[in-house]
Amino acid sequence: MTLDSTDLFGAVLDRRIVPVLVPMPALKAYSYGVPDGLAVEPGSIVQVPLGPRLVVGVVWDGDDDGTVDPKKLKRIEKVFDCPPLNRDMRAFLDWVAAYTVTPPGLVARMALRAPTAFDPEPMVEALRLTDRRPERMTAARERVIAAASDGLAWTRSGLAHAAGASSSVIDGLAAQGVFETVFMPPPPVVAAPDPDFAAPRLEGPQKEAAADLLTTIEEGKFSVSLIDGVTGSGKTEVYFEAIAATLRAGKQVLILLPEIALTASFLERFQDRFGAKPAEWHSDLAPRMREKVWRQVTTGRVRVVAGARSALFLPFEELGLIIVDEEHDPAYKQEDRVFYNARDMAVVRGRISGFPVVLVSATPSLESRVNGEVGRYRPIHLPTRFGDAALPHLGVVDMRRHPPERGGFLSPVLVNQIGKAVGRGEQALLFLNRRGYAPLTLCRVCGHRFQCPDCSSWLVEHRFRGQIQCHHCGYSERTPEACPECGTLDHLVACGPGVERIAEEVERHFPEARTIVLSSDLMGVKRLRLELEAIARGEADIVIGTQLVAKGHNFPLMTLVGIVDADLGLANGDPRAAERTFQLLSQVTGRAGRTGLKSLGLLQTYQPQHPVMQAIISGDSDAFYEREIHERERAALPPFGRLASIIVSADTRHDAEGHARGLRNAAPRVDGISILGPAEAPLALIRGRHRFRLLVHGRRNSDMQSFVKAMIAAGPKERGSINVQLDIDPQSFL
DNA sequence: AGCACGCCGACT
DNA sequence: GTCGGCGTGCTC
């Protein structure tokens, strides 16, 4: 700080003062002085002092409001040599901040998640052939010179590799002046995709759907299309054509995928169509790569990104299309810090920048379905599988009529079919969405149930590991031999099945079959990928898996899919239980029957008449959707006939249920406010039934209490919204 | 979100 | 007598 720009007391006297969003939950931008000669504009990414440290911030729109004591003002230290966030991106971040009731600085921080990427990537040292030649020629030297004689600049290692010589040969030549050092821009993280690389010839419904979609895409204006078609109907090929059209128009493309679906097989499929892979963006990207991708997305070198939900906040240079694949997937919701649904925010991003958005799912969410029905989204149907891949024959196994043998969980019907499939040299998949051996362990003598000491949910036995674990908070201990309550040895009994227990049962029935358990806790991502590949090659007969088998991977030999407990998840009180179960079971049964082999899906259930089972086996989901939408709306009607409502923003089962229950308890004293659970709320909003949106959010008890007091005092308002979010125990409200 | 400050319990 | 738990307050 120099004397000429500060007064005697150290206050900044810069002529320009600008708002800067800092990565902190402040209500608004902070004001900073701009030293003479520093060029900043809205969107500039800058380094500023904040308290005791230096942080990265972004210059925001608007003028300094003059409310801050000039003595407190600090100054921008540095402007990064990096494209400023453009107007659309700033509008988007502002919109998300307002909608999610999050301080704008925290939202902006999501766009700056690449620690040292804000300065340009350093140029890469390279070598170019000169006219000089070495005094003594050797075979290795000749190879190097021949390889480099294309006149282009080569990296040392690249040239060594191409010429089949060691880099010391090159160093020797460089020392004699045969090569000169030049600097070139760092290589792109991915090659440019070519929209015409392998354009497919689409037929029938796929062709029609693609043509339909392209009419909208080619307008290049904001629109939302909803592609809806069964597994294997070729949705990906259809939206690849939208990507091709956007690339031809010179715009960038973002493909959002649930994290788990971001697999090597998706990237390869993209490469087969476009001749190059898309850039990846997800949470466990290596830091160096993360920085490169961020940088090359902002500068427009990367044309297509395939990423998890956080990719939505990448500052693209000129984004022209977002695809949201598996649109219904709950993984699009972020439920910490900034609460958002990337699917919905993608639509907003498209609206702000005026480009098309495409939502894709075999089992669309109710919200998207309704948005399609009311004409907000353009539905595009792909009714059938293409090629010779028939849909599997699906049926229920009524467990009341075909009970499993004592101590088992597989009905004779399913066991019989597993035997047949394995006997034909084909594969069977058994799906049970429950990790471990048994979800509950109790003492046969005193009835003691093993409970987590930290959060009181049941401890799940994991027999492979010899542990009992809490699936909620991660607590674990060695499986005890004696009951901790009464001390009796060897009288602990496992209740209910997990995948490990099903594997045990399968091995009893088919000791000679190759059986494998796929469960997220048994292997890392790498190991899992190897296992999946091995299975696809036919190196297992029976696969027993949790949810992770539902996504992405195709097993050409899989001709039997057995759902061990189709009812699981239907009775947990989640208003979305039926919808979620339908989506999950559709995905799992969709794993079967791609090869033209006859294939079968069996759902073990005690409720064969349940609408979910009926929708799955009939393949006709319309009636199911209609019913679910009706149920949801009925549940959302305000009990007091007023128009206000509270939307609980968190919605994991534990959090939302607790919050919703607490709020409902509080409701009688909050007259005129009805409470919508997180699930039913969006539909009500879509239909415009509720005029108020109350998101309750607070970090501290006192925040909550003052909020509720204010709410009671204010009573229902005429219009507009009060936005607060809830993440503490609502019981402590009143 | 970080980070400092400050006030009460168990330890070298 | 100090180390360290996390409640509270502040950052242009």
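Residue numbering restarts at 1 for every chain, and letters A, B, ... go by the order of the sequence lines.
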**Item:** Neighbour count above 12 (heavy atom, 6.0 Å) for A/Asp69 CG
**Value:** yes
Whole-Å distance separating the [atom1] atom of [X] from the [atom2] atom of [N]:
{"X": "A/Asp69", "N": "C/dT11", "atom1": "CG", "atom2": "C1'", "value": "14 Å"}
{"X": "A/Ile76", "N": "C/dC12", "atom1": "CD1", "atom2": "P", "value": "13 Å"}
{"X": "A/Leu50", "N": "C/dC10", "atom1": "CG", "atom2": "C1'", "value": "10 Å"}
{"X": "A/Arg75", "N": "C/dT11", "atom1": "CZ", "atom2": "P", "value": "20 Å"}
{"X": "A/Arg53", "N": "C/dC10", "atom1": "CZ", "atom2": "P", "value": "16 Å"}
{"X": "A/Leu106", "N": "C/dT11", "atom1": "CG", "atom2": "P", "value": "17 Å"}
{"X": "A/Lys28", "N": "C/dC12", "atom1": "NZ", "atom2": "C1'", "value": "8 Å"}
{"X": "A/Leu21", "N": "C/dT11", "atom1": "CG", "atom2": "P", "value": "18 Å"}

**Prompt:** Are the ring centres of A/Phe316 and A/Phe355 closer than 6.0 Å?
**Reply:** no
**Item:** 4.5 Å side-chain heavy-atom contact, A/Trp294 and A/Leu112
**Value:** yes
**Message:** Check this for me: does any side-chain nitrogen of one of A/Glu318 and A/Lys251 sit under 4.0 Å from a carboxylate oxygen of the other?
**Reply:** no
**Prompt:** Using a cut-off of 4.0 Å on non-hydrogen atoms, how would the nucleic acid contact of A/Pro19 be classed: base, sugar-phosphate, or nothing?
**Reply:** nothing
**Fill in**
Looking only at B/dC3, B/dA1, C/dC12, the nucleotide nearest the A/Met24 side chain is B/dA1
